[in-house]
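Model, not experiment: these values are computed from the prediction. Naming convention: chains lettered A, B, ... in sequence-line order (proteins, then strands); numbering from 1 in each chain.
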Amino acid sequence: MQKLEKRIFASDVNESNDGLAGYLLGWVHEVRDLGALVFLILRDITGTCQLSLRRNELSKESLSELEKISKESVIMVDGVVRAEPKSRLGAEVKVMSIKVLSKSVEPLPYDVVGKVKASMNTRLEYRILDLRRPEHRAIFLIGDTVLNACREYLRSLGFVEVRTPRIIATATEGGASLFEVKYFDKIAYLAQSPQLYKEELVTIFERVFEIGPFFRAEESHTRRHISEFTSIDIEAAFSNYEDVMDILEGLIVHVIMKVLFERKRELELLNVNLKVPRRPFLRITYDEALRELESIGIKKKWGEDFTTEELRQLGRKHLGFYFITHFPTDSKPFYIKPCESNELLSESFDLMYQWLELSSGGTRISDRALLERRIREKGLNPSAFNYHLKVYDYGMPQHAGWGLGFERLLMVLTRKTNIRETILFPRDKFRLMP
RNA sequence: GCCUGGGUAGUAUAGCCAGGUCUAGUAUCGGCGGCUGUCGCCCGCCGGACCCGGGUUCAAAUCCCGGCCCAGGCGCCA
């Protein structure tokens with residue numbers, strides 16, 4: 001087949017390109033065979049477009065290629081873009097020749113067009129077909145913009161991107177929920193957070209961030225938990241919880257503006273009407289949240305973390321993004337700094353979107369003696385943290401930071417209610433494949 | 001870890017509670033045929049399924065027990 005020199009993308013197939021000649025590459029999304037006239041919907045990275053083929057105008061070779069066509073086959077066609085009022089899209093490609101580059105099997109185990117519903121299990125079993133649906137692919141195109149916008153924003157504030165180990169010798173935040181791995185003749189663990197490393201690294205770079213996968217061996221089986229997730233983490237020297245809350249707010253706003261600008265088409269595909277939230281985000285304290293719950297008849301013992309039902313109630317009241325601050329010190333990990341005015345409270349916060357926890361952070365303890373005390377109070381063994389504690393002897397500035405769940409943020413931005421939809425290949429207690 | 005619900009063609013479902021009329025219905029899908037403007041094309045014919053094992057019963061997709069698998073909720077967390 002002779003190839004015209006210019007590749008035309010699906011998004012080029014519109015009225016203003018009437019007369020444009022070239023070739024198209026992509027996957028057969030749909031086939032509508034009317035006999036003498038055949039319509040194919042072609043899908044490429046830019047979207048879908050319609051191809052029209054008249055059997056009596058095709059060569060013998062192209063006709064035999066056309067007989068091989070099946071949904072999801074990879075094809076190449078030569079053709080011309082035509083403004084076409086008879087097509088609802090206003091334009092189509094009049095095909096001169098067609099070649100099947102890679103034939104797909106029939107029947108496919110999964111309906112890419114979406115005429116028939118698929119269960120979450122089927123979708124994940126055939127994830128690579130599931131992702132071919134434009135509205136599923138759109139989630140990850142938005143995700144790409146989110147990651148880019150995060151890097152752009154944090155670097156603009158002087159943060160340095162770092163990479164810390166995924167394979168660690170001991171727990172960072174308590175003993176539970178770690179995956180064991182065989183490490184030569186030793187037992188090691190998969191990191192559940194970069195917490196201690198990023199704190200140490202502020203003594204080198206002052207401001208660091210890391211975007212990467214972390215692992216939690218939680219028994220959770222819910223729509224918002226997976227065992228391998230992506231965390232966006234920052235840590236900043238000479239800063240407290242309020243400083244990093246401002247950064248988090250600014251990041252969310254920047255990300256949303258960027259997504260609105262770069263991913264209009266994807267947002268439309270997902271039918272999402274995204275709005276830039278107004279700053280500053282609402283901030284309520286733990287004690288205020290407790291009073292709000294009490295006013296609707298939920299009495300809660302002071303000191304405990306919120307249950308899911310309580311968060312749902314708070315989320316009903318506070319739509320959109322908001323912070324809950326000043327959690328009881330004992331409900332937080334050992335490295336969170338207690339308030340100087342009241343040691344029972346901590347300089348901590350969670351960023352919420354309605355009832356979903358997106359991020360949690362705070363001012364960290366920068367004094368070694370206090371940190372050791374808190375480790376002990378948490379029932380952990382300080383000697384397990386020897387390497388970390390030593391760092392506090394070498395000049396440790398006040399610092400603060402947070403960790404933001406990337407997939408959860410993506411859930412919020414794409415209005416998805418199951419986190420498995422916002423990660424390409426989810427891992428949970430029951431799923432290790434594909 | 002605890003609790004709840006579910007498993008019927010490739011996919012998604014009806015049927016199950018109240019066992020027989022289920023030779024298991026429908027949609028999509030696949031095969032064949034027809035169709036020159038479809039756009040979730042349409043029309044006709046054909047094809048394909050009761051998770052596994054045991055039990056109850058004259059009779060089991062349906063009831064009971066065990067197993068496997070899946071979905072969701074709680075606690076915990078991002």
Side-chain angles (χ1 to χ4, degrees), chain A residues 29-42 48-57 70-72 82 84-92 94 104-126 129-130 133 173-174 176-177 192-195 211-233 248 304-312 327 331-333 350-353 356-361 402-412 417-420 422-423 428-431:
Chain A
H29 193 65
E30 285 184 68
V31 181
R32 290 193 275 273
D33 187 343
L34 276 61
L37 181 60
V38 181
F39 296 104
L40 301 179
I41 305 301
L42 181 86
T48 57
C49 65
Q50 175 164 283
L51 312 178
S52 80
L53 303 87
R54 282 168 207 279
R55 279 206 158 87
N56 63 11
E57 292 173 9
S70 56
K71 278 190 238 180
E72 295 307 314
R82 288 280 181 237
E84 179 52 77
K86 283 183 234 161
S87 165
R88 274 188 207 156
L89 302 160
E92 64 185 18
K94 186 178 163 53
S104 63
V105 297
E106 291 172 288
L108 289 169
Y110 177 92
D111 172 26
V112 174
V113 177
K115 289 183 192 176
V116 179
K117 287 184 287 187
S119 68
M120 186 54 69
N121 186 45
T122 305
R123 290 184 52 190
L124 297 178
E125 274 312 302
Y126 301 103
L129 287 173
D130 181 55
R133 293 185 61 171
E173 308 188 25
S177 77
Q192 56 175 196
S193 115
Q195 185 59 35
I211 299 176
F214 290 98
F215 307 89
R216 307 255 165 113
E218 306 280 1
E219 302 284 350
S220 312
H221 196 233
T222 78
R223 289 181 299 179
R224 59 191 188 283
H225 289 92
I226 38 176
S227 23
E228 178 177 2
F229 69 101
T230 307
S231 185
I232 301 165
D233 265 272
L248 182 50
E304 284 170 357
D305 215 333
F306 299 109
T307 65
T308 303
E309 176 54 27
E310 288 158 358
L311 290 177
R312 282 180 203 273
F327 284 87
S331 74
K332 285 286 163 186
D350 280 2
L351 174 67
M352 309 295 300
Y353 183 84
L356 187 65
E357 192 182 335
L358 294 180
S359 169
S360 118
W402 42 254
L404 169 66
F406 168 67
E407 287 84 7
R408 284 193 179 177
L409 177 61
L410 201 50
M411 281 172 79
V412 168
T417 54
N418 191 327
I419 197 165
R420 279 159 261 258
T422 62
I423 180 163
D428 62 36
K429 197 191 171 190
F430 305 102
R431 182 169 290 280

[N] versus [M] - spacing of their [atom1] atoms, nearest Å:
N: B/rC65; M: B/rA60; atom1: C1'; value: 15 Å
N: B/rA49; M: B/rA24; atom1: P; value: 10 Å
N: B/rG75; M: B/rC2; atom1: C1'; value: 8 Å
N: B/rG10; M: B/rG54; atom1: P; value: 23 Å
N: B/rU62; M: B/rG15; atom1: C1'; value: 9 Å
N: B/rC46; M: B/rC50; atom1: C1'; value: 22 Å
N: B/rC74; M: B/rA18; atom1: P; value: 32 Å
N: B/rA14; M: B/rU8; atom1: P; value: 10 Å

(request) Examine B/rC74: is either OP1 or OP2 under 4.0 Å from a nitrogen or oxygen in the side chain of A/R312? Give yes or no. (result) yes

Nearest-Å distance for atom pair [atom1]/[atom2], residues [X] and [N]:
X: A/E30; N: B/rC29; atom1: CD; atom2: P; answer: 10 Å
X: A/K429; N: B/rG75; atom1: NZ; atom2: P; answer: 17 Å
X: A/E84; N: B/rC39; atom1: CD; atom2: C1'; answer: 12 Å
X: A/L356; N: B/rC76; atom1: CG; atom2: P; answer: 16 Å

Nearest to side-chain heavy atoms of [X], which nucleotide of [options]:
X: A/D33; options: B/rC35, B/rG10, B/rA78; value: B/rC35
X: A/T122; options: B/rC77, B/rA12, B/rA78; value: B/rA12
X: A/D111; options: B/rU28, B/rA12, B/rU36; value: B/rU28

Across the strands shown, which category fits [X] at heavy-atom distances under 4.0 angstrom: base, sugar-phosphate, nothing?
X: A/D305; value: sugar-phosphate
X: A/D233; value: nothing
X: A/K86; value: base
X: A/L34; value: base
X: A/I41; value: nothing

Base-pairing mate for [N] - Watson-Crick or G-U, with both contacts under 3.5 Å:
N: B/rA18; answer: none
N: B/rA24; answer: none
N: B/rC32; answer: B/rG44

(request) Please lay out, stage by stage, how A/S87 and A/E92 fare under the test side chain to side chain donor-acceptor pair (under 3.5 Å). (result) CA-CA 7 Å; A/S87 165; A/E92 64 185 18; 4.6 Å; no

(request) Map A/E228 and A/R431 onto RNA chain B by nearest heavy atom, then report which one ends up closer to the 5' terminus. (result)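 Looking at RNA chain B, the more 5' nearest nucleotide goes with A/R431.
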
(request) Tell me which of A/E219 and A/S87 sits closer to the 5' end of RNA chain B, going by the nucleotide each one is nearest to. (result) A/E219

(request) Rounded to the nearest 0.5 Å, what's the gap from OG1 on A/T417 to CG on A/L356? Could you check? (result)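 Going from the OG1 atom of A/T417 to the CG atom of A/L356 covers 11.0 Å.
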
